[in-house]
Protein chains: 2
Amino acid sequence: MATTDKASTRDRLLDAAAELFYRDGVSIGVEALCRTAGVSKRSMYQLFDGKDDVLAASLARRAPGYAAQLTPGPGDAGTPRERILYVFERAEALSAAADYRGCPYLAALVELKDPAHPASVVAREAKERLQGAFRTQAERGGAEDPAFLARQLMLVFDGASARAGSGIETLDGLATTTAAALLDAAGMRAPGERTAAGDR
Amino acid sequence: MATTDKASTRDRLLDAAAELFYRDGVSIGVEALCRTAGVSKRSMYQLFDGKDDVLAASLARRAPGYAAQLTPGPGDAGTPRERILYVFERAEALSAAADYRGCPYLAALVELKDPAHPASVVAREAKERLQGAFRTQAERGGAEDPAFLARQLMLVFDGASARAGSGIETLDGLATTTAAALLDAAGMRAPGERTAAGDR
DNA sequence: CGGCGGAGAAACCGATCGGTGTACCGGCTC
DNA sequence: GAGCCGGTACACCGATCGGTTTCTCCGCCG
């Protein structure tokens, strides 16, 4: 077999951690975590400082893939408006899954109410990267106040993911349409269309 | 002294529960809860079926006051637009407090990931009442699609409260301005003004 | 006055919490 | 073959979990 016949102990642990923390919340126990990862507690405590460290590392590890899942690649074409709306379309597509529980980074921030928690720091950075991507596209698109628009879009994004993840909202175009309305209001109109409200 | 020299056992317990669950999350222990409430565990288990029941009851008890804190009274004047924006202004004012942790009902839904949990049911009802209030005002204000607008406003409301409660956003007019932009887009313009973007 | 019910204090239950200590095992390199 | 090293297995630590039991006391009502 190849050298990848079995993922490293560290990778197995982080993968299981990402899934369990996301599905069951940060209160999941170390015992259950190690059991499903197929890793002994002894190994876990040799690789990490403790449960908090594992949580932070598992969030950090998923960050690049999470961003890639939501944002168009740098090579992909598209106007700034399209690139922004793409994020909301992707988020809505992901939220349709039965096991969707919202943005893992926002969920972590809400569950661990301590902003100084190492995992909170990682989560905050992930959210700031998305906000920065919004801002960059808003600037390119000639928005009146790109930083402000980016903050507005984050409101919609996090509201949508939290509500969809909690099962109290189905989205279904809601987030994308709302984002489009905000782009319109900020002067980032679609070239050939009138307003976002028109095609609702 | 009057008969209110001391709150009833039940009330003391629910008040402490509301505060501790909000501040520390639903993982707070029954032991700590009863200790700060000055109530014996024995009494708690006579009054309630268990911790889950206490949580649900504490959320339900706070719901009327929470709604009154956010929404203008039925006697208060104001156009539908003003009545909607008032909610966001109030939410922003509350979010300025140092111990603000976001909407307690959304937080409960996120933390207990189980939609069937009794407290999740209570929380969902509270959120639906706010959404219903938005919808009523949207109808009165002649919005193009009142139900859709109400869902959009909930996105902004929950996004704002979650982000402000997590300490990654300061609001500061952000939520109100965003809501106003959505009202504009839905045809609920302010009488004498041009657009919400103009006074940002 | 006597008694009765509500409530508190505290011990207790088995289970689990996050975290360690110890012993053992297989494979790797010298 | 010796030794080390990453890993597993497992018992163990004190603390806490949600929940129950027992006993006692206090205030209220008859």
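Chain letters run A, B, ... following the sequence lines, proteins first, then strands; residues in each count from 1.
Between B:Tyr45 and the phosphate of D:dT20, there is no side-chain N or O to OP1/OP2 separation shorter than 4.0 Å. Between C:dA7 and B:Ser40, no contact under 4.0 Å exists linking OP1 or OP2 to a side-chain N or O. At C:dG8, one or more side-chain N or O atoms of B:Arg12 fall inside 4.0 Å of OP1 or OP2 (strictly under the cut-off).
Between the CD atom of A:Gln46 and the C1' atom of C:dG18 there is a distance of 16 Å, given to the nearest Å. Distance, A:Asp49 CG to C:dG18 C1': 13 Å, rounded to whole Å. Remark: C1' of C:dA7 and CE of B:Met44 are 15 Å apart, rounded to the nearest angstrom. Rounded to a whole Å, the CZ atom of B:Arg35 is 12 Å from the P atom of D:dG18. Per the geometry, CD1 belonging to B:Ile28 stands 11 Å off C1' belonging to D:dT16, to the nearest Å. At whole-Å resolution of the value, CG in B:Leu47 and P in D:dT20 are 14 Å apart. Put simply, CD on B:Glu31 is 11 Å from C1' on C:dA9, counting in whole angstrom units.
Aromatic ring pairs are classed by plane angle as parallel below 30°, tilted from 30° to 60° and perpendicular above 60°; the pair A:Phe134 and A:Phe88 is parallel.
For A:Gln131 and A:Arg135, the side-chain atoms include no donor-acceptor pair closer than 3.5 Å. Side-chain contact, A:Thr178 with B:Gln152: a donor N or O sits under 3.5 Å from an acceptor N or O.
Note on A:Leu33: nothing from the nucleic acid sits closer than 4.0 angstrom, heavy atoms only. Base contact: A:Ser43 has a heavy atom under 4.0 Å from a base atom.
Contact of B:Arg42 with D:dT22 (side chain to base): a donor-acceptor pair of N or O atoms is detected under 3.5 Å.
The side chain of B:Lys51 lies closest to D:dG18, out of D:dT8, D:dG18, C:dG19.
Toward the 5′ end of DNA chain C lies the nearest nucleotide of B:Arg10, the other residue of the pair B:Arg10 and B:Lys41 mapping further downstream.
Between B:Tyr100 and B:Ala164, the shortest heavy-atom contact is CE2-CB, 4.0 Å.
Two residues are said to be in side-chain contact when any heavy atoms from C-beta on lie closer than 4.5 Å; A:Gln137 and A:Arg81 fail this criterion.
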